[in-house]
Amino acid sequence: MNEDRHAHRKHFAALALALACAHGHADVMDRVEHRYAENEGVRIHYVVAGTGPLVVMVHGFPDFWYSWREQITALESTYRLAAVDLRGYNGSDKPKGVDNYAMPLLVADIAAVIAAEGEESAVVAGHDWGGAIAWSLAMSRPELVSALVILNLPHPAGLRRELATNPDQQQSSAYAYTFQKPDAHHALTAEGLAGWVTDESARARYVEAFEASDFESMLNYYKANFPSTSGAAETVAFPKVQCSVLMFHGLDDQALLPGALNGTWDWVERDLTLVTIPGAGHFVQQDASEIVSETMRDWLGRRVR
C-alpha cells in the first residue's frame, strides 16, 4: 500500500512539473541546486535536479551546464541529473596554463563530481568536448561509468582516422587549428560565442555565462588535446569501452562529419545504439531536444535501475 501511494505521489509530482514547464512557470535555472566538487584544488561547479540513479552531463564548446535544460526537465522525475560547468567555464574555476586542460585532468573533474555525489559510478552523457571527456572517462576509468551517452562527438579513433585521411574533415576542422594560435582568444566575445543559440529566451543566459568564463581557457582544450595534423595519422591503441553506449549525431553538423562514426562498433565491447538525426546540427540536444530526451529516457530505462 505504501509503495502504491509513493508511486502515485511520484506520478502526480512529475505531471505537475510537466504542466508547469509547459506553461513557462518553472525554468530549470530556477529549480536546480548548485554544488561544487574539487579536483586537486580546482573547484568544479555543477547543478543538480531530480532524484534517482545519477546521470552526469558534460557540455562542450562554447556552452555551459544550461545546455541540458530540456533533458533535465524530461528526466528529473526518474534520475538525478548533475550538469557540469567544465573548468574554465561559468561557475567553475579557471586555472591558467595549457597543461591545466590536459585530458587526464578533465576526466578527473568528472570523477570528482561522481564522488561528490556519493556514488561509485554514474551514467555519463557528454557533448562535443564533453563527449571527448566522457569517452576518455569510460576508457580510462570503466568502473565509474555504468552507461555512456555521446552527442555529436565521434569516438577518438574515428575522428583521428578522418583527420588523417578525409580532406572534407580536415577542412571542417580547420577552425580547431586556428583556435590553437597563441592569441586566438582575443578574437572571442561573449556575444559572438552565443551566436549559435537559437532560443531567444536562453541567449541572454549564455552571454552572461560566457562573460563569467575565460576565453583562453576555452581554447586551451584545443591546444592541450586536439590531434595535430601529423599526430592524427599515428596509430593509437584505445581500450574498448566496457559499458552500453548511446550515440546521437545531428547530420547537419558542419564541424564533425558523420564519416567518423564508421567503425564505432569496433571500439565498444557491449551494445551500441546510434541515432542519426537529419536536420539537426552540432548542438543536437537543443536542435532535436524531444528526440534526444525521449530516446534517452527509453534507452536508460532499459539499462539503468
Side-chain angles (χ1 to χ4, degrees), residues 13-35 44-51 55-86 88-92 94 125-131 149 151-153 188-215 217-218 248-255 275 277-297:
L15 180 61
L17 176 62
L19 289 171
C21 293
H23 290 86
H25 297 318
D27 184 87
V28 67
M29 185 75 77
D30 303 320
R31 313 196 297 275
V32 296
E33 180 181 343
H34 295 262
R35 299 180 185 175
I44 301 299
H45 170 255
Y46 64 101
V47 301
V48 174
T51 57
V55 180
V56 178
M57 313 176 96
V58 193
H59 69 81
F61 171 89
D63 214 337
F64 73 118
W65 73 261
Y66 194 61
S67 188
W68 303 102
R69 59 194 178 278
E70 299 292 347
Q71 288 70 50
I72 291 172
T73 298
L75 299 172
E76 65 184 329
S77 63
T78 310
Y79 301 96
R80 177 171 25 129
L81 293 314
V84 177
D85 278 333
L86 287 174
Y89 286 84
N90 193 37
S92 289
K94 304 155 185 73
H127 170 251
D128 186 76
W129 275 113
V149 182
L151 298 91
N152 275 68
L153 199 287
L188 302 180
T189 65
E191 292 78 8
L193 288 171
W196 65 268
V197 182
T198 57
D199 182 350
E200 294 291 342
S201 63
R203 187 173 292 121
R205 296 193 187 278
Y206 272 89
V207 171
E208 182 180 6
F210 293 153
E211 287 176 342
S213 302
D214 186 271
F215 300 156
S217 296
M218 290 181 178
F248 297 95
H249 200 88
L251 293 177
D252 287 357
D253 192 333
Q254 300 301 303
V275 181
I277 307 177
H282 181 64
F283 293 89
V284 66
Q285 70 271 35
Q286 296 187 34
D287 292 349
S289 60
E290 188 172 345
I291 294 174
V292 169
S293 299
E294 289 183 356
T295 303
M296 284 182 65
R297 182 167 51 223

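Small disclaimer: the values here were computed from a predicted structure and weren't measured.
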Inset, instruction - Please lay out, stage by stage, how Ser289 and Gln71 fare under the test side chain to side chain donor-acceptor pair (under 3.5 Å). - result: CA-CA 7 Å; Ser289 60; Gln71 288 70 50; 5.4 Å; no
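- Side-chain contact between Leu75 and Val55 is absent, with no heavy-atom pair separated by less than 4.5 Å.
- Although no hydrogens or angles enter the test, the distance criterion places no donor-acceptor pair under 3.5 Å between the side chain of Asp128 and the main chain of Gly130.
- With hydrogens and angles ignored, the 3.5 Å screen pairs no side-chain donor or acceptor of Ser67 with any backbone N or O of Asp63.
- The two residues His127 and Phe283 come nearest to each other via the heavy atoms CE1-CD2, 3.5 Å.
- Between the side chains of Gln286 and Arg69, a donor-acceptor pair is found at a separation under 3.5 Å.
- Proximity of Leu193 to Met218: side-chain heavy atoms (C-beta onward) are separated by under 4.5 Å at one or more points.
- Val47 has its side chain out of reach of Trp68: every pair of non-hydrogen atoms, C-beta onward, lies at least 4.5 Å apart.
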Legend entry - Stepwise side chain to side chain donor-acceptor pair (under 3.5 Å) check, Asp85 with Tyr66: CA-CA 9 Å; Asp85 278 333; Tyr66 194 61; over 6 Å; no
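- Using a cutoff of 4.0 Å between basic side-chain nitrogens and carboxylate oxygens, Asp199 and Arg205 are not scored as salt-bridged.
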Legend entry - From CA spacing to verdict: side-chain contact (heavy atoms from CB on, under 4.5 Å), Met57, Leu81: CA-CA 7 Å; Met57 313 176 96; Leu81 293 314; 3.9 Å; yes
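- Residues His45 and Asn90 have side chains that never bring a donor and an acceptor to within less than 3.5 angstrom of each other.
- At least one donor-acceptor pair under 3.5 Å links the side chain of Arg203 to the backbone N or O of Val197.
- Here the side chains of Asp252 and His282 are not in contact, with every heavy-atom distance at 4.5 Å or above.
- Contact detail for Lys94 and Ser217: the closest heavy-atom pair is CB-OG, 4.2 Å.
- Here the shortest heavy-atom pairing between Phe215 and Phe210 reads CE2-O, 3.5 Å.
- Without hydrogens or angle criteria, Arg35 side chain to Val48 main chain gives no donor-acceptor distance under 3.5 Å.
- Inter-residue side-chain proximity for Met296 and Val292 is flagged as met; some heavy-atom pair is nearer than 4.5 Å.
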Inset, instruction - Under the side-chain contact (heavy atoms from CB on, under 4.5 Å) rule, what do Val56 and Tyr46 come out as? Steps first, then yes or no, please. - result: CA-CA 9 Å; Val56 178; Tyr46 64 101; over 6 Å; no
Inset, instruction - May I have the step-by-step check of side-chain contact (heavy atoms from CB on, under 4.5 Å) for Ile277 and Ile291, ending in yes or no? - result: CA-CA 9 Å; Ile277 307 177; Ile291 294 174; 3.9 Å; yes
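- Here the CG atom belonging to Asp287 is positioned 9.5 Å from the CG atom belonging to Asp253, to the nearest 0.5 angstrom.
- With His59 as the partner, the ring-ring contact (aromatic ring centres under 6.0 Å, His included) test is satisfied by one option alone out of Tyr89, Trp65, Phe64: Tyr89.
- Residues Gly250 and Val284 approach most closely at N-CG2, 3.9 Å, considering heavy atoms.
- Within the 4.5 Å cutoff, the side chain of Leu86 has heavy atoms near those of the Val58 side chain.
- The shortest distance between side-chain heavy atoms of Glu70 and Gln285 does not fall below 4.5 Å.
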